[in-house]
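Start at 1 with the first residue, then count along the sequence.
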Amino acid sequence: MHGYDQLTHPTFPESLHCYINRNPGKFPGQRHQKGMIKEYYILNASSILPVLALDVKHGETVLDMCAAPGGKSIALLQCASPGHLHCNEPDFHRSRWLQETLESFVPLPHRNVISTTELDGRLIGRTNANTYHKVLVDAPCSNDRSWLFSSDVQQAAERISQRRTLPAIQTELLRSAIAALRPGGSLVYSTCTLSQAENSAVVSNILNSCPDVLPVDLSDMANTLSHEFTFAANVTHGLLVLPHKGKAWGPMFVSKLIKL
């Protein structure tokens, strides 16, 4: 792997079963009602993989750097009971969406371990240096997943334009996440794009310029979950879930790094 030592991913589920409706259709959503807990959260199946890769343990301090709309934050809370979950979303409107999600799925007595902010994620490493055991960077990306469900020409043009500027932003977010990690802590970087420039190339840039981080090998996770997900071959520094006929989950790129 380009001269880098690989660390083995510590733990992962023995299996993950995804159930497919024989009559495909849009699953009904539930409206947000203040004071009411919703029964389920609609989440693309591949979106659970960054959460599983992060491997949060009970009592840990965790940062979800780009948290809106909040599905991965909810999944994190289902996997463990962190000592503190910091959910950050810089965009005002998306931050309101995040707040609604947390109110809709986390009972009030359990919200005392959650804090929300609207900070620029690129600055968190400076203000909260060496703070977190785990950081999730589900970065803003050109969002190829939406191409599966939309043919809007204007949106397509915007996404193509974003491919030129997003890698620099994603790299800055990753640098900030590394600075925010405690020594020995780990982060997961994820996107829902197929763009190598936004995926492996961003991670390679970080590994070439940050001597205090190492990549974590996620191949065991891919082997365990290969019956449910289609993974792209020859992807460096991570896993890439490809949408497949009958299992339109993804795309989802997942990479894990550990801070020395």
[Y] and [X], any side-chain heavy atoms less than 4.5 Å apart:
X: Cys66; Y: Pro140; answer: yes
X: Pro251; Y: Leu242; answer: no
X: Leu49; Y: Leu218; answer: no
X: Val241; Y: Leu239; answer: no
X: Pro183; Y: Asn130; answer: yes
X: Asp64; Y: Asn88; answer: no
X: Ile258; Y: Val213; answer: no
X: Leu174; Y: Leu187; answer: yes

Out of Leu136, Leu54, Ile48, which one pairs with Lys72 under the side chain to side chain contact (heavy atoms under 4.5 Å, CB included) rule?
Leu136
Between the main-chain N or O of [Y] and the side-chain N or O of [X], is there a donor-acceptor pair closer than 3.5 Å?
X: Arg122; Y: Leu173; result: no
X: Thr171; Y: Pro167; result: yes
X: Asp138; Y: Ala67; result: no
X: Thr101; Y: Pro69; result: yes
X: Ser209; Y: Asn205; result: yes
X: Lys134; Y: Asp55; result: yes
X: Ser176; Y: Gly125; result: yes
X: Ser255; Y: Gly238; result: no
X: Lys256; Y: Ala53; result: yes
X: Asn128; Y: Thr131; result: no

Under 6.0 Å from the CD atom of Glu100, do we count more than 12 heavy atoms belonging to anything else shown?
yes
Indicate, with yes or no, if Ile74 and Trp249 share a hydrophobic cluster defined by side-chain heavy-atom contacts under 4.5 Å among Ile, Leu, Val, Met, Phe, Trp and Tyr.
yes
Does Tyr189 belong to the same Ile/Leu/Val/Met/Phe/Trp/Tyr cluster as Leu123, with side-chain heavy atoms less than 4.5 Å apart forming each link?
no
Show, in sequence, the C-alpha distance, side-chain angles and deciding distance for Thr116 and Ser95, and conclude whether the side chain to side chain contact (heavy atoms under 4.5 Å, CB included) test is met.
CA-CA 8 Å; Thr116 58; Ser95 180; 5.8 Å; no
Result for side-chain hydrogen bond (donor to acceptor under 3.5 Å, both in side chains) between Tyr132 and one of His86, Glu60, Lys259, Arg182 points to His86
Working note: Val235 + Ser200, criterion side chain to side chain contact (heavy atoms under 4.5 Å, CB included); need CA distance, chi angles, decisive distance, verdict.
CA-CA 7 Å; Val235 175; Ser200 298; 3.8 Å; yes
Is it true that the side chains of His32 and Ser104 contain a donor and an acceptor less than 3.5 Å apart?
yes
Looking only at the side chains, is there a donor atom on one of Ser195 and Ser142 sitting less than 3.5 Å from an acceptor on the other?
no
dist Ile114:CD1 -> His84:NE2 (nearest 0.5 Å) comes out at 8.5 Å
Looking at Arg96 and Glu89, does any basic side-chain N land under 4.0 Å from a carboxylate oxygen?
no
List the steps, then state whether side chain to side chain contact (heavy atoms under 4.5 Å, CB included) holds for Cys141 with Cys192.
CA-CA 7 Å; Cys141 67; Cys192 53; 3.5 Å; yes
Walk me through whether Thr191 and Gln170 qualify under side-chain hydrogen bond (donor to acceptor under 3.5 Å, both in side chains).
CA-CA 10 Å; Thr191 74; Gln170 293 157 344; over 6 Å; no
